[in-house]
**Student:** 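What follows is a structure written as structure tokens; I'll ask about it next.
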Amino acid sequence: MTVETKSAVVITGNKAAAEAARLARVEVVAAYPITPQSPVVEALAKYIETGDLDAEFITVESEHSAMGVCIGAATAGSRVFTASSANGLAYMCEQLSWVAGSRLPIVMGCANRAMSAPWSVLNDQQDSMSQRDQGWIQLFCRNNQEILDTFLQAFRIAEQVKLPVMVCYDGYILSHTVMPVEIPDQEEVDAYLPPYAAHTALDPAAPRNINPVTLADPRLNGEGVLCHGYMEFRYLMEQAHQEALDVIVKADEEFGARFGRRWGGLTWSYQLDDADTVLIAAGSLAGEATISADMLREEGVRAGVLGLRAYRPFPADSLAEQLKQAKRVIVFDKSLSYGYGGPICMDVRATLQRHKMATDVDGYIAGLGGRDIKARELAAATRESIAWAAKRHAPKPTGWINLQL
Amino acid sequence: MGQTRDCNEMTAMSWPCVGEAGRTGDWRTMRPVLDPEKCVASRKNKIVCMQCWMFCPDNVITRTAPPEINLEYCKGCGICAEVCPSDAIKMTPEQGKQAEPTVMEEASCDG
Ligand code: SF4
Ligand code: SF4
């Protein structure tokens with residue numbers, strides 16, 4: 001279908017995130033400033049002040065409280081938004097787990113930034129990776145248009161599967177870089193995102209406790225119904241993640257049908273069809289890798305790129321299917337599970353092992369604390385990985401790109 | 001999972017009624033014992049004071065003279081003893097394992 005261009009503006013990734021929250025008609029915003037996320041909520045505060053967004057901005061003294069306010073507001077049935085980065089996100093940690101366990105469809109932005117120490121305000125993905133196991137859906141974006149569109153999809157996904165969604169985009173590289181972004185029509189967004197009907201909305205006529213202490217084993221409630229114990233609730237949360245694998249794809253398809261842009265659902269690819277050498281990454285780094293693939297192809301290496309949009313739930317089956325023809329996979333992580341390797345690399349290895357595929361997987365750590373990383377360096381790492389396999393049988397240790405020791 | 005299939009909740013919920021949180025009386029290691037000789041409400045045979053009724057977090061003290069404590073659900077926190085201005089409630093150790101509750105009441109949501 002043809003979609004008229006309504007209005008294209010040149011804006012930062014942070015502004016794109018704020019525009020999405022405005023278009024989603026969020027009702028409550030609570031946030032605490034932290035670089036590089038602050039401009040998102042500054043923009044929202046302005047929209048609320050000028051009446052462009054009919055919402056409550058609740059100022060708080062910390063990120064822990066910010067998410068606490070979001071929990072209260074979402075429980076009461078509001079559509080809620082917040083954003084953070086690095087140390088702020090870490091300070092929210094306890095609440096992140098509470099949100100997921102409460103099945104609240106809160107959507108937050110994470111402008112990815114390195115964790116201290118030492119201090120760095122620059123980009124890597126250690127912050128969101130460190131919160132990987134809290135039960136949130138995590139989606140990565142490669143450009144500013146995708147940021148806006150992914151936030152809109154995120155509300156739809158979250159409200160459908162009743163799981164919170166963290167939309168991750170690289171700090172500075174996207175958060176502070178301007179790109180042309182098409183702003184969808186409000187009516188179209190309204191049609192895509194019907195108002196949120198909360199499963200936790202409170203009713204004074206039928207009072208209840210939400211999230212009381214839950215015992216290990218199922219127990220009878222006052223009406224004789226056998227209620228879930230802790231493990232049953234956590235199993236349901238995992239089921240919702242599995243369901244999200246489909247819901248994320250559908251949300252993207254329906255978005256595409258309405259707005260004319262699709263982003264690939266769980267993953268996206270570049271020159272993948274005949275590729276025997278596949279570069280994998282998440283976020284803007286994967287975009288960079290497409291240039292590397294072009295360079296490698298000029299040298300006769302059949303290289304392609306598989307970009308991750310969804311990191312949790314992990315699109316394992318989809319990945320295995322798309323990597324069937326690959327002989328060599330090189331995974332670039334902007335974070336590290338210290339003492340082992342890059343988290344995406346570990347997941348890819350596990351996926352291929354589970355699908356009984358003998359593909360070589362080499363891992364590289366890249367761009368920690370904002371260390372610059374260029375397409376030619378990703379290409380060089382790919383060449384190094386190919387050369388290693390030709391000469392050596394021992395597994396190649398994790399490489400560090402552009403390390404200057 | 002078959003066991004709890006009648007539960008429709010995706011997250012923990014409870015509805016306020018007696019016994020909703022289970023037999024919290026099982027948790028008790030100290031038992032509140034009310035001395036009617038010291039309790040103002042008991043002495044005047046009137047609904048007065050009622051601090052214990054007001055503050056009991058488990059809502060297991062009746063608003064009566066004398067106040068009665070439902071030991072099926074009293075978790076033994078000692079708040080009633082703490083707030084009583086007349087020192088009328090003493091926390092006394094439970095003997096060994098759980099003593100038999102003095103008041104038995106079936107869990108019910110009817111009131
Ligand atoms: S305040 Fe505590 S100790 Fe006293 S009756 Fe209530 S639960 Fe029992
Ligand atoms: S607080 Fe003490 S004095 Fe007051 S009613 Fe309760 S037991 Fe009696």
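Throughout, protein chains are lettered first and strands after them, A, B, ... in sequence-line order, and every chain is numbered starting at 1.
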**Student:** Please say whether more than 12 non-hydrogen atoms of neighbouring residues, nucleotides or ligands are located less than 6.0 Å from NZ in Lys44(B).
**Tutor:**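 No.
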**Student:** Using a heavy-atom cutoff of under 4.5 Å, enumerate the residues of residues 93-107 of chain A that contact chain B, numbered in order, or state 'none'.
**Tutor:**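 The list, in residue order, reads Gly101(A), Ser102(A), Arg103(A).
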**Student:** Any side-chain heavy-atom pair from Thr11(B) and His199(A) closer than 4.5 angstrom?
**Tutor:**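 Heavy-atom side-chain distance check passes, below 4.5 Å.
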**Student:** Atom CG of Leu220(A) and atom SG of Cys7(B): how far apart are they, to the nearest 0.5 Å?
**Tutor:**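 Rounded to the nearest 0.5 Å, the CG-SG separation comes out at 11.0 Å.
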**Student:** Can you tell me how far apart CE (Met10(B)) and CD (Glu232(A)) are? Round to the nearest 0.5 Å.
**Tutor:**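 Rounded to the nearest 0.5 Å, the CE-CD separation comes out at 15.5 Å.
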**Student:** For atom CZ of Arg234(A), decide whether the heavy atoms of other residues, nucleotides or ligands shown that lie under 6.0 angstrom number more than 12.
**Tutor:**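 Counting other residues, nucleotides and ligands, CZ of Arg234(A) exceeds 12 neighbours.
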**Student:** Hey, could you give me each pair passing salt bridge (charged side-chain N to carboxylate O under 4.0 Å, His left out) that has a residue in residues 128-138 of chain A? Not counting sequence neighbours.
**Tutor:**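 Applying salt bridge (charged side-chain N to carboxylate O under 4.0 Å, His left out) to every pair that reaches into residues 128-138 of chain A, excluding sequence neighbours, yields nothing.
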**Student:** CD of Glu56(A): more than 12 outside heavy atoms within 6.0 angstrom?
**Tutor:**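 Result for CD/Glu56(A): open.
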**Student:** Does Ile210(A) reach the side chain of Met13(B), with side-chain heavy atoms less than 4.5 Å apart?
**Tutor:**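 With C-beta onward as the side chain, the pair touches.
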**Student:** Could you give the distance from CZ (Arg219(A)) to OG (Ser14(B)), rounded to the nearest 0.5 Å?
**Tutor:**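 Interatomic distance, Arg219(A) CZ to Ser14(B) OG, rounded to 0.5 Å: 6.5 Å.
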**Student:** Check ring pair (Phe, Tyr, Trp, His ring centres under 6.0 Å) between Tyr32(A) and all other residues, then give those that pass, not counting sequence neighbours.
**Tutor:**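 Testing Tyr32(A) for ring pair (Phe, Tyr, Trp, His ring centres under 6.0 Å), a comparison that skips the adjacent residues, returns none.
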**Student:** Does atom CG of Asp190(A) have more than 12 heavy-atom neighbours from other groups under 6.0 Å away?
**Tutor:**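 Counting neighbours around CG of Asp190(A), more than 12 heavy atoms of other residues, nucleotides or ligands fall under 6.0 Å, so yes.
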**Student:** Please check if atom OH in Tyr230(A) has more than 12 non-hydrogen atoms from other residues, nucleotides or ligands closer than 6.0 Å.
**Tutor:**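 Open: at most 12 neighbouring heavy atoms sit under 6.0 Å from OH of Tyr230(A).
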**Student:** Could you pull out all residues at least two apart from Phe255(A) that satisfy ring pair (Phe, Tyr, Trp, His ring centres under 6.0 Å)?
**Tutor:**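 Per chain and number, Phe255(A) pairs via ring pair (Phe, Tyr, Trp, His ring centres under 6.0 Å) with Tyr192(A), Phe259(A).
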